[in-house]
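I have placed the structure first, in the form of structure tokens, so that the comments after it can refer back to it.
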Amino acid sequence: MKSAITISLVSQSRGGPFVLWDDLAVGMDLAKSLGFDGIEIFAPGPEFFVEYKDSSGNSVLSMARERGLAIAAIGTGAGWVKHRLSMADPDSSVRRSAMEFLEKMLHAASELRAPMIIGSMQGRSSPSVSSEQARGWLREGLASLDTTASKLEAEILYEPLNRYETDQATTLAGGLELIAGLQKTRLLADWFHMNIEETDMAESLRQAGSAVGHIHFADTNRRAVGFGHLQVGPLIAALRDIGYEGFLSAEVFAWPDSKTAAEQTIAAYRRWVEAS
Ligand code: LER
Ligand code: MN
């Protein structure tokens with residue numbers, strides 16, 4: 001398993017569950033100095049990865065390589081929080097724009113050799129969209145992105161969310177049904193959402209098996225692991241049983257501040273993964 005930490009470069013998500021904020025070089029330096037293997041980037045949109053250069057003119061990929069950091073994943077939630085794009089919007093032109101945004105993000109992610117997350121952009125049912133219809137549009141969108149991912153040799157991570165954020169899939173089992181038959185799409189298991197929705201988190205991870213592609217490493221209160229009451233041991237044992245070799249990526253609040261949340265995360269990772 002590998003450790004990672006999230007950075008948000010999206011002003012509209014301020015106050016959200018990201019450890020690091022705003023400056024990519026500063027965030028990467030902190031991640032490196034604490035010994036993280038990778039960094040997960042929540043960017044404003046696909047153009048960010050084309051346009052962004054640090055003060056020495058380095059691209060995001062060269063910045064990560066220079067520091068020996070992997071890019072653990074690319075988040076697409078900005079499509080929702082910044083542009084209000086949802087794969088289940090009643091308006092077909094909004095759904096089309098959502099898919100264009102995700103297609104471009106997938107190209108950017110493949111160039112960074114990182115998987116692309118579909119979380120908040122999956123949408124949900126609404127008074128004018130039944131849950132069957134919302135899920136149908138999501139499945140269609142996931143299938144189309146999966147075809148692109150096959151061509152690009154890219155990867156997609158579909159994330160079940162808790163009931164207050166979606167009704168598409170709220171558990172890993174629901175996520176498995178949605179991605180059935182797809183070749184390049186696996187599940188993102190976010191321990192914060194799972195703590196709300198799963199009956200037995202460890203058993204759900206075992207049932208999902210090789211479909212688990214990424215972990216959002218968070219405690220029950222969405223603070224760094226160890227700052228809540230999550231029983232971490234059984235979850236790590238389940239991940240070992242299924243042969244999980246991906247990232248444990250901290251998508252948690254910068255509580256009490258970014259540096260302390262980062263230090264707590266790497267300490268928890270060392271305790272549960274490296275020392276046991
Ligand atoms: C949203 O709650 C979340 O967990 C994110 O990873 C979705 O993009
Ligand atoms: Mn998450």
Side-chain angles (χ1 to χ4, degrees), residues 3-21 38-46 48 71-88 98 101-102 105-106 108-109 114-124 138 141-142 145 155-172 174-175 178-179 185-198 201 204-205 208 211-225 228 230 235 239 246-255 261 265:
S3 60
I5 199 164
T6 48
I7 182 162
S8 170
L9 308 170
V10 181
S11 55
Q12 288 86 348
S13 67
R14 190 150 290 286
F18 303 98
V19 180
L20 304 171
W21 290 87
I39 187 154
E40 177 177 324
I41 306 175
F42 191 79
F48 172 83
I71 300 178
I74 297 299
T76 58
W80 170 244
V81 300
K82 195 170 149 74
H83 307 289
R84 291 288 144 190
L85 298 175
S86 155
M87 296 169 83
F101 181 93
L102 287 167
M105 278 297 233
L106 188 55
M116 177 185 82
I117 298 169
I118 296 179
S120 308
M121 281 189 74
Q122 67 187 277
R124 58 185 309 162
L138 173 59
L142 287 173
L145 291 164
E155 262 188 80
I156 296 168
L157 296 165
Y158 169 71
E159 181 173 19
L161 304 175
N162 75 69
R163 68 190 70 182
Y164 306 107
E165 296 184 39
T166 194
D167 57 358
Q168 300 276 39
T170 53
T171 59
L172 295 190
L178 258 170
I179 66 164
T185 307
R186 290 194 291 164
L187 296 178
L188 194 175
D190 181 323
W191 288 358
F192 167 72
H193 298 301
M194 288 179 70
N195 174 62
I196 296 170
E197 298 295 345
E198 305 285 352
M201 291 174 65
S204 299
L205 288 168
V212 177
H214 195 71
I215 301 288
H216 275 162
F217 189 60
D219 215 310
T220 48
N221 47 13
R222 223 173 198 181
R223 290 177 178 167
V225 168
L230 194 67
L235 303 183
L239 291 177
F247 285 94
L248 299 184
S249 182
E251 187 190 60
V252 300
F253 293 117
W255 184 92
T265 293

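Small disclaimer: the values here were computed from a predicted structure and weren't measured. When a ligand or atom number is given, it counts from 1 through the structure's own listing order.
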List for me each residue that meets side chain to side chain donor-acceptor pair (under 3.5 Å) alongside E159, sequence neighbours excluded, and say none if there are none. H216
Taking the side chain as C-beta and beyond, is there a heavy-atom pair between S249 and F217 under 4.5 Å? no
Euclidean distance, E155 CD relative to I74 CD1, rounded to 0.5 Å: 12.5 Å
Shell of residues surrounding ligand 1, defined by a 4.0 angstrom heavy-atom cut-off that is strict: G119, S120, E159, L161, E165, D190, H193, H216, R222, E251
Working to the nearest 0.5 angstrom, can you tell me the gap between R14 CZ and S8 OG? 7.5 Å
Does a side-chain heavy-atom distance below 4.5 Å link M87 with Q168? no
At what distance, to the nearest 0.5 angstrom, does CD1 of I41 lie from CD1 of I117? 11.0 Å
Which residues and atoms, protein N, O or S only, are under 2.8 Å from the Mn ion (ligand 2)? E159 OE2, D190 OD2, H216 ND1, E251 OE1
Heavy-atom side-chain proximity of L142 to L138 below 4.5 angstrom: yes
Separation between CG of L188 and CG of L172, rounded to the nearest 0.5 Å: 9.5 Å
Who passes salt bridge (charged side-chain N to carboxylate O under 4.0 Å, His left out) against R163, sequence neighbours left out? E197
